[in-house]
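Letters A, B, ... mirror the listed sequences (proteins, then strands); counts begin at 1.
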There are 2 protein chains.
Amino acid sequence: MGLREPLRQLAENCSLPAALEAMGERWSFLILRASFNGYRHFEEFQSELGIARNILANRLGRLVGHGILERRPCDDDRRKVEYRLTDKGKDLLPTLVALRQWGERYEMSGRISPVLVDARDHRPVAAVRVMSHDGRPLTTHDLLWALPEEVEDAKAAE
Amino acid sequence: MGLREPLRQLAENCSLPAALEAMGERWSFLILRASFNGYRHFEEFQSELGIARNILANRLGRLVGHGILERRPCDDDRRKVEYRLTDKGKDLLPTLVALRQWGERYEMSGRISPVLVDARDHRPVAAVRVMSHDGRPLTTHDLLWALPEEVEDAKAAE
DNA sequence: CAGATAGGTTGCAATTCGCAACTTGCTTGC
DNA sequence: GCAAGCAAGTTGCGAATTGCAACCTATCTG
């Protein structure tokens, strides 16, 4: 990535701070993972993660506010509430898996942790990578930032 | 992901909390991104991100402590210090790009932001995805957690 | 040798976190 | 149908974290 992102508008024009505003707080990723693992109820999150109840309430509210989870009271037991992933929330899967794989590789010396496998053949999923439009793996040095108008689009190139 | 991660050892046996311990604090990802963009010096990070100096010092120290950045005094100007990505730090690229792409898609309504392109052909990189060992795209429902001993390894399968 | 510069540190106010106790609306058992 | 218990929060309060501004110490430059 030889070029600096254009002109110090990092904070204003970059989507990373925006993403972090939704997901950057202390427990958000762990709640998200619990959601992917099928947890849905306040008490489930609470006892599973050991998070303080007020913080959990705050984070769930925030995730709902950002459209990552959907809050729905249960019909069969009206004390209960379900928090479910929206499509927007489900689209955080690659981020979550990438972060987990990195942690697995670098931060788990000795310990073992369950691994994500393809349900079809029970083989581990591939490492999440940055790839070109046609599937070549890319590294840091293959990348540039470009403004939308500088981008070669598919039509021009094919 | 039909199955719950085995037996509520989420916190102990999962690499996600470990990863978040290294990268989960407020400014860590933004500092990381600045690093990928070529920023190396304290004052560069500070004026670019607008982060408070004490927090920046704390975060840089932490990232160095986790082996994500390397701290090296400059030879030519001994007031200066260089912070550079280690290989471990560079391996956070997929996580960073995945998060950015998600933010780009869902949190940038209206605004435009620079886009990551392949330096070779100036075409945008592919969306970061979770894929099977042989390159099929996988979604939430194709995934399971497995303990290492339950995994089909490459030898058995080929 | 008088600034200016790079990379911090320190003090202090404001915010956030985390724990424990409490509340409110439901549901279940007897 | 009433007491007990459960789900999903809220409240109060002390502890930790964040952020701002000022200061400090080496080093470089004119």
Roughly, in whole Å, what's the span from [atom1] in [X] to [atom2] in [N]?
X: Gln46(B); N: dT5(C); atom1: CD; atom2: C1'; result: 14 Å
X: Asp76(A); N: dG25(C); atom1: CG; atom2: C1'; result: 16 Å
X: Arg26(A); N: dT16(C); atom1: CZ; atom2: C1'; result: 9 Å
X: Glu21(A); N: dT16(C); atom1: CD; atom2: P; result: 12 Å
X: Arg59(B); N: dG19(D); atom1: CZ; atom2: C1'; result: 11 Å
X: Tyr83(A); N: dG9(D); atom1: OH; atom2: C1'; result: 8 Å
X: Leu56(A); N: dG18(C); atom1: CG; atom2: P; result: 12 Å
X: Glu43(A); N: dT10(D); atom1: CD; atom2: P; result: 13 Å

Any donor-acceptor pair under 3.5 Å between the side chain of [X] and the base of [N]?
X: Arg78(B); N: dT27(D); answer: no
X: Asn54(A); N: dC19(C); answer: yes
X: Arg53(B); N: dA21(D); answer: no
X: Arg79(A); N: dC6(D); answer: yes

Sugar-phosphate, base or nothing in reach of Asn58(A), heavy atoms under 4.0 Å: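 Since no nucleic acid heavy atom lies under 4.0 Å of Asn58(A), the category is nothing.
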Taking the minimum atom-to-atom distance to the side chain of [X], which one of [options] wins?
X: Ile55(B); options: dG8(C), dC17(C), dT18(D); result: dT18(D)
X: Asp77(A); options: dC26(C), dA8(D), dC17(C); result: dC26(C)
X: Lys80(B); options: dA6(C), dA8(D), dG8(C); result: dA6(C)

query: Toward the 5' end of DNA chain C, which comes first, Ala52(A) or His41(B), by nearest nucleotide?
result: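 Closest to the 5' end, via its nearest nucleotide, is His41(B).
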message: Does the plane of the ring in Phe45(A) sit parallel, tilted or perpendicular to the ring in Tyr83(A)? Use 30° and 60° as the thresholds.
response: perpendicular
query: At their closest point, which heavy atom of Pro137(B) faces which heavy atom of Asp142(B), and how far apart are they?
result: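 So the minimum-distance heavy-atom pair works out to O-OD2, 4.4 Å.
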- prompt: Between dG19(D) and Trp27(B), is there an OP1 or OP2 to side-chain N/O distance shorter than 4.0 Å?
  reply: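 Affirmative; the distance criterion is met.
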- request: Could you check Lys80(B), Arg78(B), Arg84(B) and say which one makes a salt bridge (Lys or Arg N to Asp or Glu O under 4.0 Å) with Glu82(B)?
  value: Arg84(B)
- prompt: Does the side chain of Ser15(B) pick up a donor-acceptor pair with the side chain of Glu107(A) at under 3.5 Å?
  reply: no
- prompt: In Å and rounded to the nearest 0.5 Å, what is the OG to CD distance from Ser35(A) to Glu44(A)?
  reply: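 One gets 10.0 Å once the value is rounded to the nearest 0.5 Å.
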